[in-house]
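Read the numbers this way: they start at 1 and go in the same order the structure lists the ligands and their atoms. All values reported here derive from a predicted model rather than from experimental measurement. Residue indices begin at 1 and follow the sequence shown.
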Amino acid sequence: MSVADSLRESVLAELRKRIDPSTFSTWCTHLQFVPSGADRVQVPLPNEIYRQWVERQFRGPLEEAFRAASGHPIALDFTAGAAPGDSAPWPAIQAPAADEPLPPPVEAPPVPRVPRPRLNDNYTFENFVVGPTNRLAHASALAMSESLVKNYNNPLFIHGGHGLGKSHLLQAICHALWQRYPDADICYLSCEGFVNEYISAVQNRGLESFRNRFRNADVLLIDDIHFLSEKEGSQEEFFHTFNALHDANRQIILSSDSPAKDIPKLSERLMSRFAMGLEARIDPPTYEMRVAILRRKAELRGRAIPDSVLDFIANHVTTNIRDLEGAVNRITFYATLTHREIDVPLAQESLKDSFGYRAAPITIPEIQQAVCEFFKIKISELMSNRRSRAFSIPRQIAIFLSREMTDQSLADIGAVFGNKDHTTVIYSVQKIKDLIPKDDRIKSAVDGIRTVLQRRFSR
Ligand code: ADP
Ligand code: MG
């Protein structure tokens, strides 16, 4: 795939989410994008009539699609009379008479009675990278996708921060179930969708069909259930939906940005229902997962990214997977616009305004300082050879974070920590790595210090 093709593909993928399918296939597959300088793209159309019409219909969604695909705003110039290399004829629009209004927007096709929700084709199990921080959520989701028969873990409640793969997993379950059971009534929607449909059912006296729709589902998946917070009416309705499905042995799968007990203003009884099944938490990805995810995203975009650049992104974008994707999009987009190879300097340039990445990397003394503040010990104690746990654990954490957050070699790190040799550095890094999954206090110390450092040194 050429560079221009990969750019076009990702913009069209974003545009597809914003336009109804028939309009998309009639019009948007003809669009060409010609980079014309940094952050500018030309959209050539066959003549002035098309130019006006396409611009009027699609400027808004296209600008959003470019922004989503590249992570930053791109100026669009719609031009007439110069569509290079587009051999397929454009669909006809009637030339309007001088005082006649332009043709109306293309109507959306009639909505089927029980619409299958639009899912993201990429949100599949094959495209989901598994690692220590999402293994349980992944394994549980996979188990749910294997049969329609209710699992003992009902509901499955997946929770975790923004951009960590909750929607991806829920949609992967839908894709897999549809493949196995094409006729199954699998009901997937966002909690916001549930609330909106409930409100309009109440307004239009449509409660009965609303209830039938949900209570007859074979599987109900609701994304972002924390949206029920403070919405008493919707909570009440969902409580009955939940009970009806649960009593009928139908599987319920929910996602949330926090554990059920931390959703503010959620009724006690819903909270206890949500805790009845299996709770699976997703944590931010480890370095190794970040690299694997970046590699997969680059492959999906048909774009090879050198290992040094993957390492650079994985070291600087540590928050969540959506940000990792944003970084890949931004870098590939920037390379396309500037006609340059993807390398570390280009990655530095294209990420410098985003993701809290700062051009000057964090230094080891800054890490030492943050660790001492966290554990309330002195720098001299951190640097000493004292073996008591009160000093050795902070020292090992500082060494671990120095390895993770800076580009220094093992020998350099050893030198800064009071002339320790590189085997001590390796030992410390390994020890903390081993302790993180086993010891919650170590894990939260490492996470806490890392967050402090990222905040302190971003922007
Ligand atoms: P959430 O719903 O938790 O906010 P999403 O499911 O929307 O997050 O994920 C954000 C982006 O990150 C999506 O594009 C998704 O495909 C990607 N993503 C999340 N987790 C993974 C993973 N483990 N492997 C590959 N891609 C992932
Ligand atoms: Mg989501």
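Shortest contact from atom 18 (N) of ligand 1 to any protein heavy atom: Ile321 CG2, 3.2 Å. Counting only heavy atoms of the protein, atom 25 (C) of ligand 1 lies nearest to Asn127 O, 3.2 Å. Of the protein's heavy atoms, Gly163 N, 2.7 Å lies nearest to atom 4 (O) of ligand 1. Looking only at heavy atoms of the protein, atom 26 (N) of ligand 1 is closest to Lys297 NZ, 2.9 Å. Nearest protein neighbour of atom 13 (C) of ligand 1, counting heavy atoms only, is Tyr123 OH, 3.4 Å. Given atom 5 (P) of ligand 1, the protein heavy atom at minimum distance is Arg322 NH2, 3.6 Å.
At a 4.0 Å cut-off, not a single heavy atom of His138 sits close enough to ligand 1 to count as contact.
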Go through the steps for Asp257 and Lys166 under the test salt bridge (charged side-chain N to carboxylate O under 4.0 Å, His left out), then give the verdict. CA-CA 9 Å; Asp257 67 357; Lys166 302 180 297 293; over 6 Å; no

Please walk me through it: do Phe227 and Phe194 pass ring-ring contact (aromatic ring centres under 6.0 Å, His included)? CA-CA 10 Å; Phe227 191 77; Phe194 180 88; over 10 Å; no

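In summary, an N, O or S atom of Ser167 is located under 2.8 Å from the Mg ion (ligand 2).
Side-chain contact check for Gln430 and Asp434: at least one donor-acceptor pair (N or O, by modelled atom type) lies under 3.5 Å. Side-chain atoms of Gln42 and Asp77 include no donor-acceptor pair closer than 3.5 Å. Looking at Ser255 and Asp223, their side chains do bring a donor and an acceptor atom within 3.5 Å of each other.
Of the candidates Gly165, Gly161, Pro285, it is Gly165 that places a heavy atom closest to atom 19 (C) of ligand 1. Taking all heavy atoms of Asp223, Asn134, Val129 into account, the minimum distance to atom 24 (N) of ligand 1 is reached by Val129.
Ion pairing between a basic and an acidic side chain is recognised when a charged N comes within 4.0 Å of a carboxylate O; Arg211 and Glu237 show such pairing. The pair Arg340-Glu349 meets the salt-bridge criterion, with a side-chain N (NZ, NE, NH1 or NH2) lying under 4.0 Å from an Asp/Glu carboxylate O. The residues Glu197 and Arg213 are annotated as salt-bridged, a charged nitrogen and a carboxylate oxygen being separated by less than 4.0 angstrom.
Checked by distance only, ligand 1 and His162 stay at 3.5 Å or farther apart across all their nitrogen or oxygen atoms.
Every atom of ligand 1 is numbered from 1 in the order shown, and the set under 4.0 Å from a heavy atom of Phe128 is 20 (N), 21 (C), 22 (C), 23 (N), 24 (N). Each of the atoms 6 (O), 15 (C), 16 (O), 18 (N), 27 (C) of ligand 1 lies under 4.0 Å from some heavy atom of His168.
Contacts with ligand 1 closer than 4.0 Å are made by side-chain heavy atoms of Glu325 only, the backbone lying farther away.
Looking at Leu169 and Phe125, their side chains come closer than 4.5 Å, going by heavy atoms from C-beta outward.
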